[in-house]
Q: 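Can you keep this structure in mind? I'll have questions shortly.
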Amino acid sequence: QGATVVVANASGVPGSAGRMSAELAGAGFTMAEPTNATSALEQSVVYYDPSNAAAQAVATSVAQVMGGLAVETVPTPPPVEGETLGDAAVAVMLGSEQADKTLVQLAPATATPTVTAPPVAGTTDTTATTAESTTGTTTG
């Protein structure tokens, strides 16, 4: 809360900024109209305007839900068409690696924790291994 997010298409995939905007809106972010970046990127990056007190926290949150993207202060001028973020304080430069993916697809994989029970006091390990020998005859 406290900072509007704009997605700029830096991927070259038509409509991908609009689709990512819808994904982020569904995750609870306040979104501006998507736009285009002034240059292509392979990896997405999230920029924030340091003059907005909430922008860095919102940018970090966006970066996390998009799979752990880099977060940086926005360059001057912003690398978007029109060279302005308008009312937005956070800009997602959507690169080709993240274009047309859902937030679920971008989320980092979570490992299922392995839990090992401690030994019960007063018991011993009685596991034994037996070897069996079998003999077979094969006729061809």
Side-chain angles (χ1 to χ4, degrees):
Q1 290 185 348
T4 299
V5 180
V6 63
V7 179
N9 188 346
S11 72
V13 178
S16 62
R19 289 184 288 278
M20 181 54 69
S21 291
E23 285 280 321
L24 291 170
F29 293 98
T30 302
M31 303 303 297
E33 286 297 314
T35 189
N36 289 311
T38 54
S39 60
L41 294 174
E42 187 172 318
Q43 285 295 322
S44 298
V45 65
V46 181
Y47 291 125
Y48 70 94
D49 180 352
S51 68
N52 179 308
Q56 186 173 8
V58 171
T60 300
S61 189
V62 168
Q64 287 174 343
V65 300
M66 290 185 68
L69 301 177
V71 177
E72 302 174 11
T73 57
V74 68
T76 303
V80 298
E81 283 184 352
E83 297 183 338
T84 179
L85 298 182
D87 292 336
V90 176
V92 176
M93 309 304 293
L94 186 63
S96 58
E97 288 291 318
Q98 289 77 28
D100 272 351
K101 292 187 178 170
T102 66
L103 294 180
V104 170
Q105 291 171 314
L106 293 173
T110 56
T112 304
T114 302
V115 178
T116 304
V120 177
T123 63
T124 58
D125 185 2
T126 58
T127 305
T129 305
T130 58
E132 292 183 11
S133 174
T134 57
T135 307
T137 304
T138 305
T139 56

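The first residue of the sequence shown is numbered 1, and numbering continues consecutively from there.
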Q: Looking only at heavy atoms, what is the nearest atom pair of G18 and P34, with distance?
A: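 Between these two residues, the closest heavy atoms are CA-CG, 3.7 Å.
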Q: Between M31 and V6, is any pair of side-chain heavy atoms under 4.5 Å apart?
A: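 Result no, sub-4.5 Å side-chain heavy-atom pair not found.
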Q: For the residue pair A8 and A37, what are the closest heavy atoms and their distance?
A: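 Residues A8 and A37, closest heavy atoms: CB-N, 3.9 Å.
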Q: Nearest 0.5 Å, please: how far is NZ in K101 from OG in S16?
A: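 Result: 12.0 Å between the selected atoms.
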Q: Could you report the tightest heavy-atom contact between A55 and A3, atom names first, then the distance?
A: CA-CB, 3.9 Å
Q: With heavy-atom distances below 4.5 Å as the criterion, would you say the side chains of Q105 and Q98 are in contact?
A: no
Q: Should L41 and V46 be counted in the same cluster of Ile, Leu, Val, Met, Phe, Trp and Tyr side chains packed under 4.5 Å apart?
A: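 Shared cluster, no.
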Q: Report yes or no: do V71 and V74 belong to one cluster of Ile/Leu/Val/Met/Phe/Trp/Tyr joined by side chain heavy-atom distances under 4.5 Å?
A: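 Per the 4.5 Å side-chain linkage, V71 and V74 are not co-clustered.
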Q: Going by the salt bridge (Lys or Arg N to Asp or Glu O under 4.0 Å) test, which pairs reach into residues 16-39, not counting sequence neighbours?
A: R19-D100
Q: Which residues pass the side-chain contact (heavy atoms from CB on, under 4.5 Å) test with N36, not counting sequence neighbours?
A: N9, E81
Q: Between the main-chain N or O of A57 and the side-chain N or O of S61, is there a donor-acceptor pair closer than 3.5 Å?
A: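 Not a single qualifying donor-acceptor pair exists.
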Q: Hey, quick one: are L94 and V45 part of the same hydrophobic cluster, counting side-chain heavy atoms closer than 4.5 Å, chains of contacts allowed?
A: no
Q: What is the distance from atom OG1 of T30 to atom CG of D87, rounded to the nearest 0.5 Å?
A: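 Result: 11.5 Å between the selected atoms.
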Q: Following the transitive rule for hydrophobic clusters with a side-chain heavy-atom cut-off under 4.5 Å over Ile, Leu, Val, Met, Phe, Trp and Tyr, establish whether L85 and M93 coincide in one cluster.
A: yes
Q: Given side chains that start at C-beta, do those of Y47 and V90 come closer than 4.5 Å, heavy atoms only?
A: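 Side-chain contact under 4.5 Å: no.
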Q: What are the two closest non-hydrogen atoms of S44 and L69, and how far apart are they?
A: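 Closest pair (atom of S44, atom of L69, distance): CB-CD1, 3.7 Å.
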Q: Provide the closest heavy-atom pair for S39 versus A10 in the form atom of the first, atom of the second, distance.
A: O-CB, 3.5 Å
Q: Tell me whether M20 is reachable from V13 by hopping between hydrophobic residues (I, L, V, M, F, W, Y) whose side-chain heavy atoms are closer than 4.5 Å.
A: no
Q: Hey, are the side chains of V58 and F29 touching, using non-hydrogen atoms and a 4.5 Å cut-off?
A: yes
